[in-house]
There are 2 protein chains.
Amino acid sequence: MTLTLAIDSDPQAYSAFTERQNDVLESALRLLVKGGDKALTTAGIARAANCSKESLYRWFGDRDGLLAAVVSYQASKVRALGPGVMPETAAAFRAHLVRFANDLLNVLSGDMSLALNRLAIGQASRSDAHLGGLVLDRGRNMIGSRAGALLEAGRACGFIEYDDANDAFRTLYGLIIRDFHVRLLLGDTLDADEAAFDKQAQVAIDQFFKLYGLPAKGGV
Amino acid sequence: MTLTLAIDSDPQAYSAFTERQNDVLESALRLLVKGGDKALTTAGIARAANCSKESLYRWFGDRDGLLAAVVSYQASKVRALGPGVMPETAAAFRAHLVRFANDLLNVLSGDMSLALNRLAIGQASRSDAHLGGLVLDRGRNMIGSRAGALLEAGRACGFIEYDDANDAFRTLYGLIIRDFHVRLLLGDTLDADEAAFDKQAQVAIDQFFKLYGLPAKGGV
DNA sequence: GTGGTACCGTACGGTACGGTTCGGCACTAA
DNA sequence: TTAGTGCCGAACCGTACCGTACGGTACCAC
């Protein structure tokens, strides 16, 4: 659902660009956040980055290639938040989940994430839209990697129980995000309660334990 | 989050258009679903609807006015699914919730809903984007009207318990939709499990009762 | 018939954008 | 010094689109 938390062992795999090219991509990203997809023209990017259009086309081949490069760049920029740690107590496991929920809320509400998701969604209708798939892959990467491992560790330690890991994760996601993401994508603003991510995260994790927790160790 | 279930007592308030104009809007909607926002040009709409561009501009004033009219038209097309019924038994209440969940899944996965949401999201970054707010209003209308009344009725009858109605609804929404909507918006396809809306709806409502149900009457 | 109105089909002006080309500058290597 | 390379800035081309204007047609009122 986002790109800013992609976990990959090799940072070069996603950002195989030179320093100068990364600067250009950063400029493009700022331009996108500031003015939306309409402002992301090749001339505008070249102007903002103090480079020529010729270089843009030499480096990224195409406008679509440039957009894909922006996505890849952003994915490689903010990477893993730290290695997975095996929780030893129920409280530690719960804290990990709360932290994950908090991170997810913060990431999805970020300017860059919203701008890139809007861009990908806006052109997802066209048949040649590989951008949406790209965003999904990176988002799925992050989610599958971090949350999946976390849930599995919790289950191995006997704090929670579920049949299908994917299903459990999606429920966790739903409890955390609710209609939050779509509303932000549509331009809505958050009310005071929703802006308190800490509280929201704790409530969501409480509910998750109520659904999947084992009363003996990690339940209510 | 969608427009296809707007509930309004006065159908004319949202579709104050002539028969001919509604035909044109219907053509525009089909065009949007077929080719995405890129295909929704004034010339294309005029061609598809067998009308002149001059008429488009006389009727809707502007291209943005035309898009807003499309949204309003779609909102007024599929209206309330029936008056709210006071559930008398816990089983009936649960059936109502399952039906609501099923409807929500079907609506949000519909072609028209996805196309319009993509359109609104794609241009939600610009400051003059009233389209996202329009979609939100209509979606919120539907949600607040139907689900809110349903939950309130269930609480009045003692089947569920909650402090904040808005909060309870958002949890319900999260349990039903999860990451379903955003993934579809990004162009993802559903796996077999997710395409079984009936099963998904029942599971979501089971989970909702586990969180908000009163064990005596409506709980697990 | 005559004027008015609403409409269609088409063509046009203006603009914006994607992509290409060209001249020029700085730097490097022989 | 000369040739080559990488890049910038700017001009350019073809295209697509928005919004408007114009000619022609059907219908209605009087």
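Atoms considered below: every heavy atom in the structure, side chains included; atoms not considered: hydrogens, waters and symmetry mates. Residue numbers begin at 1 in each chain, while the letters A, B, ... track the order of the sequences.
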Calculate the interatomic distance between [X] atom [atom1] and [N] atom [atom2]; express it in whole Å.
| X | N | atom1 | atom2 | result |
| --- | --- | --- | --- | --- |
| Asn50(A) | dG9(D) | CG | C1' | 11 Å |
| Arg126(A) | dA16(D) | CZ | C1' | 13 Å |
| Leu56(B) | dA6(C) | CG | P | 16 Å |
| Ile45(A) | dG9(D) | CD1 | P | 15 Å |
| Gln123(A) | dC17(C) | CD | P | 17 Å |
| Asp62(B) | dT20(D) | CG | C1' | 13 Å |
| Leu67(B) | dC18(D) | CG | P | 9 Å |
| Asp64(A) | dC17(C) | CG | P | 16 Å |

Winner on side-chain proximity to Tyr57(B), out of dC7(D), dG19(D), dG19(C), is dG19(D)
From the list dC7(D), dG18(C), dG19(D), which nucleotide is the closest neighbour of the side chain of Ser55(A)?
dC7(D)
Does a side-chain N or O from [X] land closer than 4.0 Å to OP1 or OP2 of [N], or not?
| X | N | value |
| --- | --- | --- |
| Thr42(A) | dG18(C) | yes |
| Arg58(A) | dT21(C) | no |
| Trp59(A) | dG6(D) | no |
| Ser52(B) | dG9(C) | no |
| Arg20(A) | dC8(D) | yes |

hbond_proxy Lys53(B) side chain to dG19(D) base (donor-acceptor, 3.5 Å cutoff)
yes
Measure distances between side-chain N and O atoms of Glu54(B) and base N and O atoms of dC7(C), and say whether any donor-acceptor pair falls under 3.5 Å.
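When only heavy-atom distances are counted, Glu54(B) does not reach the base of dC7(C) through any donor-acceptor pair under 3.5 Å.
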Between Lys38(A) and Gln21(B), whichever has its closest DNA chain C nucleotide further toward 5' is Gln21(B)
Nearest-nucleotide 5' precedence on DNA chain C, Leu40(A) against Ala46(B)
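Residue closer to the 5' terminus by nearest nucleotide: Ala46(B).
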Can you measure from CZ (Arg99(B)) to CZ (Arg146(B)) and round to the nearest 0.5 angstrom?
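If we round to the nearest 0.5 Å, Arg99(B):CZ and Arg146(B):CZ are 6.0 Å apart.
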State the OG1-CG distance between Thr171(B) and Asn166(B), to the nearest 0.5 angstrom.
10.0 Å
Ring centroid separation for Phe197(B) and Phe180(B), is it under 6.0 angstrom?
yes
Phe17(B)-Phe60(B) aromatic ring centre distance below 6.0 Å:
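Yes: the rings meet the under 6.0 Å criterion.
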Please assess Arg170(B) against Glu194(A) for the test side chain to side chain contact (heavy atoms under 4.5 Å, CB included), listing each intermediate value before the final yes or no.
CA-CA 11 Å; Arg170(B) 283 181 178 153; Glu194(A) 280 184 310; 3.3 Å; yes
